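Notes follow once the structure below has been shown.
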Protein chains: 2
Amino acid sequence: MAGVRDQKKKQTRAAILKAAMKLFSRQGYEQTSIDQLAQAAGIGKGTIYSYFHTKSEIFLAFCEEQLEFVYQELTARSNPKMPLRKQLLTLFMGEFRFVSRNREFGRILLREMVFPKDFPGARAREVDDKYIEMLTPIFKRAQQRGELRTDLELIMVTGHLYALYIMTVSGWYMGRLHTEEDVAMAMEFLFDQALQGLAPTTAKEKAAHAAKK
Amino acid sequence: MAGVRDQKKKQTRAAILKAAMKLFSRQGYEQTSIDQLAQAAGIGKGTIYSYFHTKSEIFLAFCEEQLEFVYQELTARSNPKMPLRKQLLTLFMGEFRFVSRNREFGRILLREMVFPKDFPGARAREVDDKYIEMLTPIFKRAQQRGELRTDLELIMVTGHLYALYIMTVSGWYMGRLHTEEDVAMAMEFLFDQALQGLAPTTAKEKAAHAAKK
DNA sequence: GAAAAAACTCGACCCCGGTCAATTTTTAGG
DNA sequence: CCTAAAAATTGACCGGGGTCGAGTTTTTTC
């Protein structure tokens with residue numbers, strides 16, 4: 001039977017991930033050794049490397065599941081009728097809450113997502129694409145409501161806002177932003193800047209006023 | 001004499017950095033061991049750790065010198081009379097060229113700068129502040145020329161544009177942008193978006209038109 | 001000037017991520 | 001069933017980052 005082997009492989013993979021989830025959460029990433037992982041999964045150390053190339057890959061696989069869940073959760077809860085800036089804020093703050101739940105996890109994940117190491121960065125791009133899928137309908141609706149320019153490529157809009165999100169999180173990691181509230185305020189500020197533009201407009205006074213309060 | 005010891009410490013530190021510069025450049029960061037570094041610097045392995053906490057700290061120290069030089073170079077060459085977007089492009093592309101000269105170096109540096117590990121992220125913030133110092137006069141002039149809103153905190157403007165720079169570089173590391181030209185185009189696009197704003201304006205037609213060409 | 005105190009240097013050592021040749025398990029053909 | 005090839009598993013092993021306490025050098029103290 002062709003299935004016996006494959007089935008067992010799935011089980012082993014799952015066992016590794018389960019062990020990883022438990023040990024990483026309990027003792028942290030660095031403090032967990034591959035040997036421990038193997039022992040907890042009931043296999044030999046070497047075997048792990050026929051399922052994952054590196055330790056960090058195990059971590060990433062473990063994160064991606066959670067991330068996908070969080071995305072679904074967030075989109076489900078988002079209210080399509082709110083103004084764009086409010087929706088974006090809710091979404092990105094939701095993700096920040098997830099990332100900041102464990103400082104170390106978030107850092108490893110973000111480092112790998114933003115500046116990936118393994119050649120094609122394919123893994124990171126997949127997750128990114130999930131992002132784009134999630135945001136696109138929100139942007140489309142905002143365009144219909146006249147809250148977003150229609151002459152822009154949505155992928156560039158996504159990139160723009162994601163960049164601001166990353167910068168805000170970076171501010172938190174750098175110790176410039178201390179509390180969740182600091183983060184929310186900075187993000188709000190940057191999003192408003194992005195929507196209104198940095199250059200003065202003819203309706204400049206109105207924009208300046210809106211930004212103040 | 002109080003100086004004998006201190007003087008020697010300076011020398012030793014310099015010797016380590018010199019050895020690091022040579023070996024990292026020649027064989028890469030990962031391929032250079034602390035033992036090699038110690039040998040090249042003519043000291044014992046353990047001694048290195050009384051000058052730097054970790055291997056990556058050596059690398060960072062080595063990078064910071066170079067970065068400072070690059071900043072000075074870039075500001076010296078920048079032409080204060082050019083339009084803001086052009087100046088920004090020149091500046092950030094100059095930095096990208098530096099970062100991309102050695103893919104591995106850039107990645108390590110950026111990872112540490114954007115998502116720092118050691119507690120206060122103080123090192124990263126210093127470099128950041130150099131950035132702000134460098135950009136502030138450019139923004140001030142742009143404001144006088146009416147190219148930049150005057151009702152914004154300059155630090156938020158810096159953060160905004162730096163975020164877009166980081167996102168562009170990330171696109172390069174993720175394999176979405178392949179050549180230097182791809183990077184330049186993406187950056188230009190994002191900067192224009194930031195200046196004009198993502199929301200429609202009353203003078204919307206004009207903005208849309210300008211973005212096209 | 002001597003000796004105590006402080007600062008510094010060193011390399012053997014520990015731990016861990018990752019490798020690989022040897023061994024066990026599975027599959028397929030007769 | 002049996003067997004030989006293929007696939008999977010394993011743990012001893014390797015190289016490197018980082019630690020530590022013993023030994024050395026400099027500074028301070030009297």
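All values derive from a computational prediction rather than experimental measurement.
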Atom [atom1] of [X] to atom [atom2] of [N]: distance rounded to whole Å?
X	N	atom1	atom2	result
Phe52(B)	dT19(D)	CZ	C1'	18 Å
Tyr51(A)	dG18(C)	OH	C1'	18 Å
Lys10(B)	dC8(C)	NZ	C1'	16 Å
Glu30(B)	dG17(C)	CD	P	15 Å
Ile16(B)	dC8(C)	CD1	C1'	13 Å

Close residues, residues 31-49 of chain B, relative to DNA chain D [heavy-atom separation under 4.0 Å]: Thr32(B), Ser33(B), Ile34(B), Lys45(B), Tyr49(B)

Stretch residues 53-65 of chain A: residues that reach within less than 4.0 Å of DNA chain D through a heavy atom: none

Mind checking what makes salt bridge (Lys or Arg N to Asp or Glu O under 4.0 Å) contact with [X], not counting sequence neighbours?
X	result
Lys86(A)	none
Arg77(B)	Glu73(B)
Arg145(B)	Glu147(B)
Glu64(A)	Arg123(A)

List, one per line, each side-chain donor-acceptor pair under 3.5 Å for residues 93-100 of chain B, sequence neighbours excluded.
unit_1, atom_1, unit_2, atom_2, d
Glu95(B), OE1, Tyr131(B), OH, 2.3
Arg97(B), NE, Glu180(B), OE2, 2.7
Arg97(B), NH2, Glu180(B), OE2, 3.3
Ser100(B), OG, Phe96(B), O, 3.0
Ser100(B), OG, Arg97(B), O, 3.3

Salt bridge (charged side-chain N to carboxylate O under 4.0 Å, His left out): pairs with one or both residues in residues 27-44 of chain B, sequence neighbours excluded: Lys117(A)-Glu30(B)

Of all pairs that satisfy salt bridge (charged side-chain N to carboxylate O under 4.0 Å, His left out), the ones with a partner from residues 44-60 of chain A, not counting sequence neighbours: none

Any side-chain heavy-atom pair of Thr90(A) and Ser78(A) under 4.5 Å: no

